[in-house]
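Everything on this sheet refers to the single structure shown next.
In each ligand, atom 1 is the first atom listed, and ligand 1 is the first ligand listed.
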Amino acid sequence: MPQPLRATLHGYPRQGPRRELKKATEAYWAGRSGADELRAVAANLRRDVWRELAAAGIDEVPVGDFSLYDHVLDTAVTLGAIPGRHRRACADDPLDGYFAMARGTAEAAPLEMTKWFDTNYHYLVPELGPGSVFAADSSRLVEEVREALSLGVGEVRPVLVGPVTFLLLAKPAPGIDNGFDPLTLVDRLLPVYAEILADLRAAGASWVQLDEPALVQDQPPAVLNAVARVYRDLGALADRPRLLVASYFDRLGDALPVLAQSPVEGLALDFTGPAAANLDALAAVGGLPGKRLVAGVVDGRNVWINDLSRSLATLATLLGLADRVDVAPSCSLLHVPLDAGDEQDLAPEVSGWLAFARQKTDEVVALARALREGTDTIEARLDANRAALRARTASALARDPAVRARTAAVTAADAHRDLPYAARAPLQQAALGLPKLPTTTIGSFPQTDELRSARAALRTGRIDAETYDARIAAEIREVISFQEKAGLDVLVHGEPERNDMVQYFAERLDGYLATRHGWVQSYGTRYVRPPILAGDVSRPAPMTVPWTSYAQSLTDRPVKGMLTGPVTMLAWSFVRDDQPRGETARQVALALRDEVADLEAAGSSVIQVDEPALRETLPLRAVDRAAYLAWATDSFRLATSGVRASTQIHTHMCYAEFGEIIAAIDDLDADVISLEAARSHMRIAEELAEVGYPREVGPGVYDIHSPRVPAEREVSDLVDRALRAVPAHRLWINPDCGLKTRGWEEVRPALERMTAAARRVRQELSRPSSDGPGA
Ligand code: GLN
Ligand code: ZN
C-alpha cells in the first residue's frame with residue numbers, strides 16, 4: 001500500500017532572519033553576554049524555524065541541523081571524537097571547549113577548516129588516529145528532539161553526519177602518519193552510533209537521518225564495502241529508529257545499489273543537475289521496494305524558482321519506484337539565503353524568479369500537495385509558476401542580444417595568444433627588464449579598520465564619494481611607496497577599494513544582482529552575501545582602470561593590473577540555471593577581456609587574473625571533470641588572450657592540492673602563475689617540474705595564513721627548495737596569497753625579509769663559482 005506523500009527538509013538556515021545567531025555568538029565570545037543568553041537565543045531560533053516550517057506545511061521537520069558553529073563539529077562532539085589537546089577544556093566547559101575546537105585558544109590550535117564538498121560552506125575537519133576512542137554524547141540531539149516535540153510541530157527527524165562520511169572527512173591527527181586510514185576505525189565507531197540511535201528513539205524520534213554526501217564522490221571498493229557493512233550492522237540493531245540515509249550534491253553512482261540492498265528504511269536522493277542521473281539509476285536497480293524515498297527535486301543550492309511542472313513529472317515517475325515518496329529540497333537549505341521576500345530593492349520582475357529557503361519550502365509543500373491531492377489543487381500556482389519561468393526567459397535582463405551576438409562570434413583563435421610562451425618570454429623580459437627571481441605580491445594589502453569604516457561611511461552617506469576616493473588614493477600612495485622602499489620589483493596597488501574580489505566586479509557588471517539580506521553561512525559566524533548572476537553579462541564601463549593607472553603614475557616600476565577570473569566570478573556567486581555554466585563563463589570572460597584591453601591601453605604591462613576557485617568547483621564525479629576544465633580554461637584564455645605578446649599575464653591560485661588540475665594549469669597558458677606553497681614545503685613546484693611545466697612560477701615563500709613573520713632564512717630556504725624544481729630564469733618570489741587579512745605590522749617585516757632573501761639568493765646565483773641549484 002503506498003503511503004501518503006509528505007513534505008520534508010534536510011536542514012534550514014540557522015542564523016535567524018537578521019543574523020541573530022551571529023550577533024549572540026560574537027557577543028558571547030567578546031564577553032558581552034553569558035552562556036545562558038546565547039543558549040536562549042539559539043533555542044528561540046530553533047523554535048521559530050520549527051514553527052515556521054510546520055506552519056508552512058512541512059510534515060516532518062529536521063532536528064539537529066541547527067548548529068552553534070558547524071554541523072560536522074557537532075557530530076564529532078556527539079561521537080566523542082575530541083582531539084586530545086581539547087579534551088580538558090571540553091570536560092571543564094562543553095560550550096567553551098566546543099568554541100575552542102572551532103577557533104583555537106592560546107594553548108590549543110583549532111581543528112582545520114575546509115570546504116564542504118563543492119559548496120562555499122566550510123566545516124571543521126575531524127582528527128582521528130589509531131588510538132582514537134569514541135563515546136556517545138546524545139545530549140544535544142536528545143534535548144533538541146524534546147524541544148521540537150514539545151512544540152507539537154509534527155514528526156521530527158534528527159540529523160547527523162553518517163559514519164562513512166564522518167570517517168572519510170576526517171584526517172590523521174597531528175603527529176599521526178599521513179598513511180593512517182580513518183576508515184579502519186569503523187568497528188569502534190558503530191557501537192557509538194548504535195547507542196545514539198537508541199537514545200534518539202527513546203527520546204521519541206521514529207526516523208533518524210544519516211547524511212552520507214561523501215558517497216556522491218567516486219569511491220573505491222573498500223569504501224563501498226564499508227557502506228554495506230555499516231548499514232547492515234546498523235540495520236540489524238534491535239533498538240533503533242528507522243534510518244534515512246541522505247546523499248546530495250550529486251548522484252550516488254555505485255553506492256546506490258549498495259544502499260538499495262541494505263536494510264535501511266529510506267534513502268534521500270538528489271534529482272537536480274547532474275544528480276538527475278539518480279532517476280535512471282534508481283530504475284535500473286529496480287527501485288526501492290519497501291523503502292521510503294525522499295526525493296530532492298527542488299535545488300537546495302541555487303536561488304531560482306523551481307519548474308514545478310517538471311518536478312511533478314519527475315515525482316510521478318518516482319512514485320512507481322518506491323514504497324513511499326516524500327518531497328524535499330536536494331540538500332539542506334543552509335546554502336541559500338533565508339527569504340527572497342526580504343529583497344525590497346530588487347525589481348519586482350526579478351523577485352518573481354527567486355526562491356530562497358522560505359520560497360523553496362513553499363515549493364516543496366506545493367509539490368507534495370499536488371501529488372497527494374491532485375495537480376488541480378495547485379492549478380493557479382502552476383500557472384503562476386509557468387508564467388514566471390516564461391517571463392524570465394523572455395526578459396531583457398536575462399537575454400541581451402548584443403551579448404549573445406558577441407559570444408556566438410567567438411572563435412578558437414580568440415582564446416589563444418598569437419605567440420607561444422617561448423616566443424613571448426623574451427619580449428616580456430625586454431619590455432619589463434626585471435632582475436632574476438623577480439619579487440611581487442598577490443594583490444591585496446591589509447584591509448585596515450580605517451578602510452572598512454570608510455567604506456561603511458560611504459554606504460551610509462556619512463562621507464561623500466570624493467572623501468572616500470581621497471582615502472583610497474592615500475592608501476594606494478602608501479602601498480606603492482612601501483613596496484618601492486622594500487625593493488619589490490612588480491608592484492600592486494593593494495586593492496584597498498575592494499570589499500571582496502568577486503563582489504567588487506559583480507557590482508560593476510550588468511547581469512549581476514546584489515541582495516540586501518541574502519546572507520549565507522561561510523563558516524562559524526562568517527556569512528557572505530553572494531551576488532546573483534541573473535542575466536547576460538556585460539561591462540558598462542572600465543572597472544579597475546582609474547585606480548590601476550593612478551598607482552602606475554606614482555612609480556617607474558610595473559604595477560600589476562588585478563582582476564578576478566571568470567571561473568571564480570561564477571564560483572562565488574549564485575549562477576543562472578537556464579543555460580550551461582560554460583556559456584555564462586564565456587560572457588564574463590568577454591567582459592574581462594575588455595577590461596584587460598583597457599588596462600593594457602592605459603599602460604599596464606603586467607595583468608593578473610586570479611582564479612582561486614578553479615580547483616574547488618571541480619565536479620565531484622571524475623567523469624564530469626574534463627568538460628568542466630575545458631570551459632574553465634577556455635574562459636580564462638578568452639579573458640586574457642587579447643593582449644600583445646609583450647604584455648605579461650599572471651594568474652594566482654591558493655590551495656595545497658593541485659594534482660587533479662595540473663594539466664588545466666598548463667592549459668591556462670598564463671605567463672606567470674603564483675601558487676600557495678609555503679605550508680606544503682614547495683610540493684607544487686616539484687609537481688609542476690615533474691610534468692614539465694614550461695612557464696614562470698611563483699610558489700609562495702611566505703605563509704600569509706598565520707600572523708607569524710618568517711625569518712629571512714626560512715624564506716631563502718624555501719627559495720632554494722623552489723630552485724631545485726624551477727630554474728632561476730622562470731622563478732618568481734612572492735607570498736602564498738593576498739595580504740588583506742594581515743596587519744601592516746606583520747606585512748612590513750615579512751615582505752622586507754622576502755626581498756632581502758631574494759637579493760641574497762640572487763647574489764649566490766651570480767657568484768662565478770656558483771654551481772648552486774638551478775644555476
Ligand atoms: N588578488 C587577490 C588578493 O590578493 C587574490 C585573493 C585570493 O587568491 N583569494 O587578495
Ligand atoms: Zn590566494
Side-chain angles (χ1 to χ4, degrees), residues 113-115 120 122 439-448 451-452 455 472 475-476 479-480 482-483 488 490-506 522-523 526 528 530 543-544 547-548 551 559-573 592 595-596 599 604 606-617 636 639-640 649-658 661 665 668 670 672-680 684 697-706 732-744 746-747 750-751 754:
M113 193 165 67
T114 195
K115 291 227 174 195
N120 288 325
H122 302 72
T439 53
T440 191
T441 60
I442 307 305
S444 58
F445 268 70
Q447 274 281 339
T448 57
L451 284 171
R452 275 188 243 274
R455 210 166 4 259
I472 297 293
E475 188 70 21
I476 291 176
V479 166
I480 294 286
F482 166 74
Q483 293 174 91
L488 282 139
V490 173
L491 313 193
V492 297
H493 78 290
E495 307 177 22
E497 78 288 13
R498 302 187 190 173
N499 36 8
D500 172 275
M501 66 185 288
V502 167
Q503 199 184 331
Y504 180 82
F505 292 96
S522 171
Y523 64 88
R526 266 287 288 249
V528 293
M543 305 181 282
T544 64
W547 286 132
T548 310
V559 175
K560 271 195 275 194
M562 197 61 63
L563 305 174
T564 302
V567 178
T568 304
M569 285 302 295
L570 264 61
W572 298 345
S573 307
L592 291 170
E595 187 72 16
V596 168
L599 282 169
S604 296
V606 183
I607 299 169
Q608 177 170 312
V609 178
D610 292 325
E611 282 293 23
L614 187 76
R615 164 85 174 61
E616 71 192 33
T617 327
F636 180 89
T640 53
I649 296 292
H650 288 221
T651 189
H652 166 71
M653 294 178 193
C654 38
Y655 26 78
E657 287 140 34
F658 291 93
I661 57 160
I665 291 180
L668 298 178
V672 183
I673 181 168
S674 59
L675 299 151
E676 173 175 328
R679 284 189 295 185
S680 58
I684 177 59
V697 189
V701 292
Y702 150 36
D703 174 14
I704 65 94
H705 302 89
S706 133
W732 285 66
I733 311 292
N734 47 257
D736 262 344
C737 193
L739 305 167
K740 61 181 165 236
T741 56
R742 294 268 71 92
W744 273 103
E746 299 144 15
V747 162
L751 291 181
M754 188 185 87

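- Of the protein's heavy atoms, Asp610 OD2, 3.3 Å lies nearest to atom 5 (C) of ligand 1.
- At a cut-off of 3.5 Å, with distance as the only test, a side-chain donor of Ser674 or His652 sits close to an acceptor on the other residue.
- Under 4.0 Å from ligand 1, not a single heavy atom of Met653 appears.
- For ligand 1, the atoms sitting less than 4.0 Å from at least one non-hydrogen atom of Gly443 are 4 (O), numbered in the order shown with element in parentheses.
- Scanning the protein for heavy atoms near atom 6 (C) of ligand 1, the closest one is Met501 SD, 3.5 Å.
- Considering only heavy atoms from C-beta on, Pro530 stays 4.5 Å or farther from Asn120 through its side chain.
- Close approach of ligand 1 to Glu495 is summarised as follows: ligand atoms under 4.0 Å from at least one heavy atom of the residue are 1 (N), 2 (C), 3 (C), 4 (O), 10 (O).
- Shown here for Val492 and Ile480, the closest heavy-atom pair between the two residues is O-CD1, 3.5 Å.
- By the 30° and 60° cut-offs, the orientation of the rings of Phe445 relative to Trp744 is tilted.
- Side chains of Thr617 and Leu570 form no contact here, defined as non-hydrogen atoms less than 4.5 Å apart.
- Of the residues listed (Gln483, Lys560, Gln608), the one engaging Val490 in a side chain to side chain contact (heavy atoms under 4.5 Å, CB included) is Lys560, and it is the only one.
- Protein heavy atom nearest atom 8 (O) of ligand 1, with residue, atom name and distance: His652 CD2, 2.9 Å.
- The two residues His493 and Pro496 make their nearest non-hydrogen contact at O-CD, 3.5 Å.
- Geometry about the Zn ion (ligand 2) gives an angle of 130° between SG of Cys737 and NE2 of His652, rounded in steps of 10 degrees.
- In summary, the atoms of ligand 1 found under 4.0 Å from a heavy atom of Gly738, numbered by their order in the structure, are 3 (C), 4 (O), 10 (O).
- Between Trp572 and ligand 1, not a single N/O pair is under 3.5 Å apart.
- Below 3.5 Å of separation, one finds no N or O of Cys654 facing any N or O of ligand 1.
- In terms of heavy atoms, Val528 sits closest to Ser522 at CG1-CB, 4.1 Å.
- Heavy atoms from both the backbone and the side chain of Ser444 come within less than 4.0 Å of ligand 1.
- If you number the atoms of ligand 1 from 1 as listed, the ones under 4.0 Å from a heavy atom of Ile442 come out as 1 (N), 4 (O).
- Contact check for Thr440 versus Val672: no side-chain heavy atoms found under the 4.5 Å cut-off.
- Less than 4.0 angstrom separates some heavy atom of Cys737 from each of these atoms of ligand 1: 7 (C), 8 (O).
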